[in-house]
Number of protein chains: 2
Amino acid sequence: MKKSDQTRQRILDAAAVEFRDRGFAATRLVDIAERAELQTPSLYYHFSSKEELIEVVLALSVERTFGHVKSSVAEIPADQPLRRLQVAIEAHVVKSQEHGDYSAATLRLFGQMPPDIQKRLRRTQREVGGFWGELLENAQRAGAIRADLDLSVVRMLLLGALNWAVEWYKPSRRLSVEDLATHASRMVLDGIALPPG
Amino acid sequence: MKKSDQTRQRILDAAAVEFRDRGFAATRLVDIAERAELQTPSLYYHFSSKEELIEVVLALSVERTFGHVKSSVAEIPADQPLRRLQVAIEAHVVKSQEHGDYSAATLRLFGQMPPDIQKRLRRTQREVGGFWGELLENAQRAGAIRADLDLSVVRMLLLGALNWAVEWYKPSRRLSVEDLATHASRMVLDGIALPPG
DNA sequence: GTCTATATGAGGATAGAC
DNA sequence: GTCTATCCTCATATAGAC
């Protein structure tokens with residue numbers, strides 16, 4: 001890796017944290033520069049504007065998590081649709097926590113980005129939505145999911161629960177990321193109520 | 001209601017929309033003033049600063065939804081803990097959608113507010129958390145919820161799914177708010193998977 | 001690649017009339 | 001209560017040296 005790439009990475013990591021904590025407009029380039037340990041104008045060697053910075057942060061966030069979800073699911077045979085769903089849920093939780101700064105920044109800022117930025121990012125978002133939609137549809141067609149559920153609603157409730165975890169989860173001895181992921185998949189798939197009887 | 005109160009309400013409604021769409025720092029007082037149909041300096045007759053405005057929006061948001069949840073749950077006997085939980089979930093969904101501008105603004109901006117504002121608002125947040133925690137604990141003690149679940153994790157996953165709905169749900173003939181609420185309670189309580197067999 | 005120095009525009013807040 | 005006019009601070013972005 002070239003030195004330039006390392007600096008670029010440092011800037012992005014710093015930007016993710018600052019954007020998450022302060023929001024887009026309130027984040028000053030000098031905050032990002034300080035965290036990345038260089039001077040403000042040096043940022044412009046790597047990025048052409050503050051908007052380009054946030055756009056890269058948001059794009060990386062989604063791509064990383066989704067990439068891991070896709071590859072994890074690919075390892076499970078298609079004839080185990082419920083197991084595929086479980087793996088997807090747990091992979092999503094684990095990976096989004098792994099770069100939680102980026103995930104949380106995306107969660108908070110995406111909806112506030114100017115329309116042109118949102119438009120470019122929505123391409124990936126649709127791809128993600130389509131992938132989860134297929135996972136759910138395949139499971140429902142196989143009779144593994146209740147037939148009377150609206151899967152687009154389920155998908156959004158599900159992703160809401162998972163994505164929101166970056167807002168509150170902090171790794172601890174009591175609750176590992178894997179425990180969190182397991183709780184998520186169990187709640188969504190089996191529910192929290194004890195089956196009657 | 002005095003005229004002053006009406007204007008105050010118009011300003012708050014306008015502020016919720018603008019803050020939600022642009023974030024705190026990027027929202028200009030002139031945007032809020034235009035939406036509320038007055039001039040920028042007139043805002044200062046009703047509020048002493050931009051920060052006071054956001055703080056009132058955030059406080060109102062949580063109080064309204066939580067107030068409705070509490071009063072809805074109070075109508076259900078304590079010996080039906082699962083039913084109480086279901087009612088709480090559905091009340092939370094319905095009421096948070098009812099003033100969706102405020103809810104979405106809170107969802108996006110709370111974590112970005114300066115520490116002193118967050119601190120003051122956390123009092124109510126803890127109250128809300130405690131209430132949901134008791135709902136879950138009572139149900140678990142009554143044997144209605146799986147004994148091996150960490151209820152604080154369940155609570156946060158659950159509220160994440162519900163709160164995130166203000167980001168994506170739009171009322172339609174196909175899916176009423178009540179349908180959304182039902183889907184949420186069913187997913188959380190019973191899960192989406194068909195019981196085996 | 002990173003720096004110092006600076007131009008420039010914008011928005012929160014106040015003064016004071018009506 | 002709401003207005004017009006204005007102050008003053010501050011942050012993005014650029015110029016240009018090293």
Side-chain angles (χ1 to χ4, degrees), chain A residues 1-59 105 108-109 112-118 120, chain B residues 1-59 105 108-109 112-118 120:
Chain A
M1 181 184 276
K2 293 186 303 187
K3 182 188 174 194
S4 165
D5 291 339
Q6 286 178 356
T7 306
R8 184 185 158 91
Q9 197 56 54
R10 257 194 2 261
I11 294 173
L12 286 171
D13 290 350
V17 171
E18 295 293 332
F19 284 143
R20 177 200 63 195
D21 289 347
R22 301 172 188 270
F24 178 70
T27 295
R28 300 169 304 177
L29 293 179
V30 62
D31 297 328
I32 298 173
E34 267 177 25
R35 187 175 286 273
E37 296 184 300
L38 35 67
Q39 297 302 310
T40 310
S42 306
L43 297 175
Y44 284 87
Y45 176 80
H46 301 274
F47 299 93
S48 68
S49 70
K50 192 179 170 183
E51 292 211 341
E52 191 193 327
L53 250 175
I54 186 65
E55 189 166 347
V56 174
V57 167
L58 299 179
R108 292 179 179 177
L109 299 189
Q112 292 169 2
M113 290 300 102
D116 55 314
I117 292 187
Q118 284 200 33
R120 283 192 293 275
Chain B
M1 181 184 275
K2 292 184 304 188
K3 183 188 173 194
S4 165
D5 290 339
Q6 285 179 356
T7 306
R8 184 185 159 93
Q9 197 55 55
R10 263 202 347 270
I11 294 172
L12 286 171
D13 290 349
V17 172
E18 294 293 332
F19 284 143
R20 176 200 63 194
D21 288 347
R22 302 172 188 270
F24 178 70
T27 294
R28 301 170 303 177
L29 291 179
V30 63
D31 297 327
I32 298 173
E34 268 177 24
R35 186 175 287 272
E37 295 185 300
L38 34 67
Q39 297 302 311
T40 309
S42 307
L43 298 175
Y44 283 88
Y45 176 79
H46 301 273
F47 298 93
S48 67
S49 70
K50 193 179 171 185
E51 292 210 343
E52 191 193 327
L53 251 175
I54 185 67
E55 190 165 346
V56 174
V57 168
L58 299 180
R108 291 180 179 176
L109 300 189
Q112 292 170 2
M113 290 300 102
D116 55 314
I117 292 187
Q118 285 200 33
R120 283 193 293 276

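Per chain, numbering begins at 1; letters A, B, ... match sequence-line order.
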task: Not counting sequence neighbours, list each pair that qualifies as a ring pair (Phe, Tyr, Trp, His ring centres under 6.0 Å) and has a residue in residues 26-59 of chain A.
output: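 Those involving residues 26-59 of chain A do not exist here.
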
[X]: side-chain contact (heavy atoms from CB on, under 4.5 Å) partners, not counting sequence neighbours:
X	answer
B:E34	B:V30
A:A15	A:F19, A:I32, A:L53, A:V57
A:P114	A:E51, A:D116, A:I117

Run the side-chain hydrogen bond (donor to acceptor under 3.5 Å, both in side chains) test against [X] and tell me which residues pass, sequence neighbours left out.
X	value
A:E37	none
A:E55	A:R120
B:Q39	none
A:R28	A:D31

task: Give every residue pair that meets the salt bridge (Lys or Arg N to Asp or Glu O under 4.0 Å) criterion with at least one member in residues 4-15 of chain A, sequence neighbours excluded.
output: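 Residue pairs with at least one partner in residues 4-15 of chain A: there are none.
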
field: DNA chain D-proximal residues of residues 51-59 of chain B, any heavy atom under 4.0 Å
entry: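 Of all residues in residues 51-59 of chain B, none places a heavy atom under 4.0 Å from DNA chain D.
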
message: Heavy atoms within less than 4.0 Å of DNA chain D: which residues of residues 7-35 of chain B have one? Give them sorted by number.
response: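 Contacting residues: B:T7.
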
message: Using a heavy-atom cut-off of 4.0 Å across all strands, would you classify A:S4 as base, sugar-phosphate, or nothing?
response: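 Answer is sugar-phosphate: A:S4 comes under 4.0 Å of backbone atoms only.
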
- prompt: 5' to 3' on DNA chain C, which nucleotides open and close the contacts with chain A (atom under 4.0 Å from a heavy atom)?
  reply: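 From 5' to 3', the first and last contacting nucleotides are C:dG1 to C:dA5.
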
- request: Would you mind telling me which residue lines up with the more 5' stretch of DNA chain C, A:P41 or A:Y45, judged by nearest nucleotide?
  value: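 Going by which nucleotide is closer to the 5' end, it is A:Y45.
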
